[in-house]
Amino acid sequence: MSEQDTHEPAAYDVAAVQDKWLPVWDELQPFRADDDSPREKKYALTMFPYPSGDLHMGHAEVTALHDVIARYWWQRGFEVMNPMGWDSFGLPAENAAIRNNEHPATYTYANIETQYESFKRYGISFDWSRRLHTSDPEYYRWTQWLFLKFRERGLAYRKNSPVNWCPNDQTVLANEQVVDGKCERCGAEVTKRELTQWYFKITEYAQELLDCLDDLEATWPARVVTAQRNWIGRSEGAHVSFAVEGRDEPITVYTTRPDTLYGATFMVVAADAKLAADLVSDEQRAALDEYLTEVRKSTEVDRLSTDRPKTGVFLGVHAVNPVNGERIPVWAADYVLADYGTGAIMAVPAHDQRDLDFAKKFDLPVRRVVDTGEPNPEETYEATTGNGVYVNSGSLDGLTDKAAGIHAIIERLQADGAGEGTVNFRLRDWLLSRQRYWGVPIPVIHCEKDGEVPVPYDQLPLELPELRGADLKPKGVSPLAAAEDWVNVECPTCGGPAKRDSDTMDTFVDSSWYFLRYCSPGYTEGPFDVEKAKTWMSADIYVGGVEHAVLHLLYARFFTKVLRDMGMLGVGEPFAAQLNQGFVINRGKKMSKSLGNGVNLGDQLAEFGVDAIRLTLVFAGPPEDDIDWAEMSPAGSLRFLQRAWRLSGDVSSPAGTPAEGGDVALRRVTARTVHDAAELVEGYRFNVMIARVMELVNATRKAIDSGCGPEDPAVREAAEAVAILLSLVAPYTAEEMWERLGHEPTVARAGWPAVDPALLVEESVTAVVQIQGKVKARLEVAPDISEADLEQLALADEGVIRAIDGRPVRKVIVRAPKLVNVVV
RNA sequence: GCCCCGGUAGCCCAACGGCAGAGGCAGUGGUCUCAAACACCAUCCAGUGUGGGUUCGAAUCCCACCCGGGGCACCA
């Protein structure tokens, strides 16, 4: 051995340390959650990935943040369930299969294995014994089971309706999947089609989904709560019925301003609603058809542009205003939506800008019924919407308050049988059928004689037929429809010829209950063991991307409430708390192929090691903030880890040395750091927590080199605390330190360091003396000094006396023990 | 257009209404080296986007505005 080798090495071999500990952890399985443990339970959940290729920086960030919490809970003595799986049905696999002439499962399961290996090496504290894939028949059998149960409860049903159609993916989309008129997945412009599709009746839970948000406000990110409130879109108003000349059926409208009823000068029905076709006069039928053709030509993108000029067509009929008997024309237009409210409105141009724009365009009358003190909209073409005095409004005249006006008119309408107060939601039912292959087959058989017949429970799972390559090409109907052997079956009821439903389910169905399956992953008697779910639910934290603010999170909440009503769950909300991470960007821009600014996670891990990358991501800033990788320094993180690691080699007291009697100054720093670290983790302030650990490392270094020396027990205490605190972020370095400090693995389960409360009390603090708010002196005082003593001490200070310079003291503010402010 | 979040040192970020700086990056100077890189030690650096207000005292609270980011946007 050369002389150099006997010296303490300056750095450890990152790759070797990773290779060393992985098999040890595999052996120890320190993160296996025991359902029957007497310890208090915590459920740490992070959004499971779609298996597209290998893990990327985004996965690295979210799991690193998430793992801080999970590992913290273990250290604090909880029994922690931290499961992981894959959301493995979906279009990318299907498109890859078409390209490569193979089965979607090939792509899917190969990627899952890649990601699994990467996760393991990345050192996240997942309990792999609970691993699941939503594309496994053993999983989707229960997705089908749930679908059938929902159907039995009237919560899954079919209806014919205009739906969003993505011409690129050749499938329908839920409203939530259409963003700015474009397909959320591929960006193609969405068109409308009239189709019979399956829906979940999420609207039945609209009010509860809204109400429960109040309780989540404290623990969910505000923007998620706001997004859900907006999406549910509750409004209060009234239904008002207008008789139609020459027709028995009235037109019922929904309005939030029934108090402006006297100002209704025309009506508008959605041009694409059945109502328009029913109402139109023979003379105007051609005009309506022509208009409809126009409307259908315009894309969803045009339709949604707010400043588009109003268009419409007169339907050739008149309706009668129920409160004043006035005869008003009925128009059709595309600014009224067929599937909101009743698909028809009363137009009050004076007090609604959209109606006013329309009135102006078609030269329809405008009549003000609320005088708000603003200029008359009849002249300005600026609608007024505020409170004011009612005019031209019969019995409402003279009222000055909107709420009173609304109340009065609703009473009147109800008395006359012409309307009633009502609540309306923007939320629509969840369209769940998809015309694609790689998803859960809908377990329903269509029989000419018996209609919809559910696949019997004992025949679940209804597995997908084997299709691959060109058989999967989108052609407007599901590829399943062409699988003759599969689609043609005997009717379970009558035995006659019947066909299977050939659509598959939206993959959001799969992810609406996966967190329940984790509670009892191998369970064969149902989707999950009710008792086990009781043990673990709700998830104590759900970490993931804010892009799921409405879609996934709303659907999962809906499923949870239905399962509660089915008696299978004791809770009505799935996720007690939530944390959203920001994006990892590069040079100010989202990483993308076209920009050529992608950062490869594998390369980063190879260069700096797992711990340094994890540390960099967690230390970068608050979790919700975006991280610009170009501004980060993984090299700096690695340097810090090596500094921390060197401490463990310098400690010269034996393992087990009691810390009592060690250097008090260092012991105070250790105690304070451990104490604060807990609060910081619980407040998701991981970056600050790490800064505090860095401070502790610096203080320990100083103590070794120029303080109490490496043999002092306080140094051991500090180094051990560093190892445990670092185990939340840098598991390999922490484990290596722990071993060098003379302990058995694993540091991850070592337990949170005990803190002597006496060490948290400072023996002296620095009090600041200000004159006119400017600091003039500092005093070392006891932390429990009285205000009177501190004031006396301050006023006796020479520097203070000089600063006051004989001026009369007008007031002295004392905040013991930290501050005295003298006002002269 | 409406709503939300944020603007602190060259950069990323801290700071119960009480000393503007905890931590890191970069920089500078040293130690080490034949030299360099690495590493280590030391050190410089802003008065908190702008303008008002409240207060003994404001980065922090209030008002207005500017800039950046995000969300919503014919939902009657």
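In what follows, chains are A, B, ... by sequence order, proteins preceding strands, each numbered from 1. A quick note: this is a predicted structure, and the numbers were derived from the prediction, not measured.
The residue A/D357 sits apart from the nucleic acid: no heavy atom pair falls under 4.0 Å.
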What does the list of N/O pairs under 3.5 Å between the protein and nucleotides 10-13 of chain B look like, with a distance for each?
unit_1 : atom_1 : unit_2 : atom_2 : d
B/C12  : O2'    : A/A620 : O      : 3.0
B/C13  : O3'    : A/N687 : ND2    : 3.4

List, with names and distances, any nitrogen or oxygen atoms from the protein found under 3.5 Å away from nitrogen or oxygen atoms belonging to nucleotides 54-57 of chain B.
unit_1 : atom_1 : unit_2 : atom_2 : d
B/C56  : O2     : A/N821 : ND2    : 2.2

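Residue A/R639 places none of its side-chain N or O atoms closer than 4.0 Å to OP1 or OP2 of B/G24. Remark: A/R643 is in phosphate contact with B/C41, judged by side-chain N or O atoms under 4.0 Å from OP1 or OP2. Dashed line: the shortest gap from a side-chain N or O of A/S235 to OP1 or OP2 of B/A76 is under 4.0 Å. At least one side-chain nitrogen or oxygen of A/N698 sits closer than 4.0 Å to the OP1 or OP2 atom of B/G24.
In this structure, the ring-ring contact (aromatic ring centres under 6.0 Å, His included) partners of A/H548, at least two apart in sequence or on a different chain, are A/H552. Remark: A/N230 engages A/T226 in a side chain to side chain contact (heavy atoms under 4.5 Å, CB included) (not counting sequence neighbours). Scored by the salt bridge (Lys or Arg N to Asp or Glu O under 4.0 Å) test, A/E798 finds no partners at all (sequence neighbours excluded). For A/R257, the salt bridge (Lys or Arg N to Asp or Glu O under 4.0 Å) partners at least two apart in sequence or on another chain are A/D259. Legend: residues meeting salt bridge (Lys or Arg N to Asp or Glu O under 4.0 Å) with A/E217, ordered by chain and number and at least two apart, are A/R229. Applying the ring-ring contact (aromatic ring centres under 6.0 Å, His included) rule to A/F362 yields the partners A/W331, A/F358; only residues at least two apart in sequence or on another chain are considered.
Taking the nucleotide of RNA chain B with the nearest heavy atom to each of A/T226 and A/A691, the more 5' of the two is matched to A/T226.
For the pair A/I585 and A/M591, the tightest heavy-atom approach, listed with the atom from each and the gap, is O-CE, 3.9 Å.
Considering A/V348, A/I406, A/V323 in turn, A/I406 is the only one that fulfils the side-chain contact (heavy atoms from CB on, under 4.5 Å) rule with A/P258.
Listed by first and then second residue, the ring pair (Phe, Tyr, Trp, His ring centres under 6.0 Å) pairs that reach into residues 668-692 of chain A come to none, sequence neighbours excluded.
Pairing partner, B/A14: none, since no Watson-Crick or wobble contact has both distances short of 3.5 Å.
Taking atom C1' on both B/A59 and B/U48, the two are 5 Å apart, rounded to the nearest angstrom.
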